Amino acid sequence: MGGVNDTIRDSVLFTTADSIIGWSRRSALWPETFGIACCAIEMISAGCARYDLDRFGVVFRPSPRQSDVMIIAGTITRKFAPVVRRLYDQMPEPRWVIAMGTCAISGGVYNTYAVVQGAETFVPVDVHVPGCPPRPEALMHGFLMLQEKIKRSRALTGTALDRAAVS
């Protein structure tokens, strides 16, 4: 008669709420459908069937209020930077930012007064994906790096102070 008790005992998993919340956050990243320049084409192709970001739990969302990851893909002008910041502020906590491409990371070849020389000047960037334009595989690697960063961080809080402590 001990068969039922052994089956239940073997199928019960003990864990903490922090680890479950952390696992669910890193396994369901929802980036905002948002592309500024030529890097957006590579971002879009990473979401298509050939590269299939869905297998990593990455599902593109149409609204900043539904997403927790912002991919800044392309050149940011000084006129457009406040718009990007407003979209970032509309995202719920915890939120993460991926700077995709040389232009988003450092301004790229556009060393002019009209181009922002790096997205870190107005939003906190968690992962940099280098390249001009970066391949879809590089963006996939960036998502894996972001998942590792989320795994190392504290699960219940996702504020900027916690992210700074992890970095």
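Being a predicted model, the structure only gives us computed values, none of them experimental.
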Side-chain cluster (under 4.5 Å, hydrophobic types only) that V109 belongs to, other residues: Y110, V115

Heavy-atom side-chain proximity of [X] to [Y] below 4.5 angstrom:
X: V123; Y: I72; value: yes
X: P31; Y: S67; value: no
X: L29; Y: W96; value: yes
X: Q66; Y: E32; value: no
X: P134; Y: C39; value: yes
X: V97; Y: V69; value: no
X: R95; Y: M70; value: no

R78 to Y113, cation-pi by 6.0 Å centre distance and 45° axis angle: no

Contacts of type salt bridge (Lys or Arg N to Asp or Glu O under 4.0 Å), residue R65, not counting sequence neighbours: none

Common cluster, Y88/F122, ILVMFWY with side-chain heavy-atom separation under 4.5 Å: yes

Cluster link M100 to I105, ILVMFWY, side chain under 4.5 Å: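 Different clusters.
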
Derivation of the side chain to side chain contact (heavy atoms under 4.5 Å, CB included) call for D126 and K149: CA-CA 8 Å; D126 296 297; K149 187 171 186 173; 3.4 Å; yes

Backbone of G131 reached by a side-chain donor or acceptor of T102 within 3.5 Å: yes

D68 (side chain) donor-acceptor with W30 (main chain) under 3.5 angstrom: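 Yes; judged by distance alone, with no hydrogens or angles, the pair exists.
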
For the residue pair [X] and [Y], what are the closest heavy atoms and their distance?
X: V125; Y: H128; result: CG1-NE2, 3.7 Å
X: G118; Y: T121; result: O-OG1, 2.8 Å
X: P133; Y: E42; result: CB-CG, 3.8 Å
X: P64; Y: L87; result: CB-O, 3.7 Å

CZ/R50: more than 12 non-hydrogen atoms of other groups inside 6.0 Å: no

Would you list the atom pairs, donor with acceptor, under 3.5 Å between side chains in residues 135-147 and any protein atom, with sequence neighbours excluded?
residue : atom : partner : partner atom : Å
R135    : NE   : E137    : OE1          : 3.4
R135    : NH2  : Y51     : OH           : 3.1
Q147    : NE2  : R26     : O            : 2.9
Q147    : NE2  : F56     : O            : 3.1

Spacing of R85 atom CZ and I76 atom CD1 [to the nearest 0.5 Å]: 12.5 Å

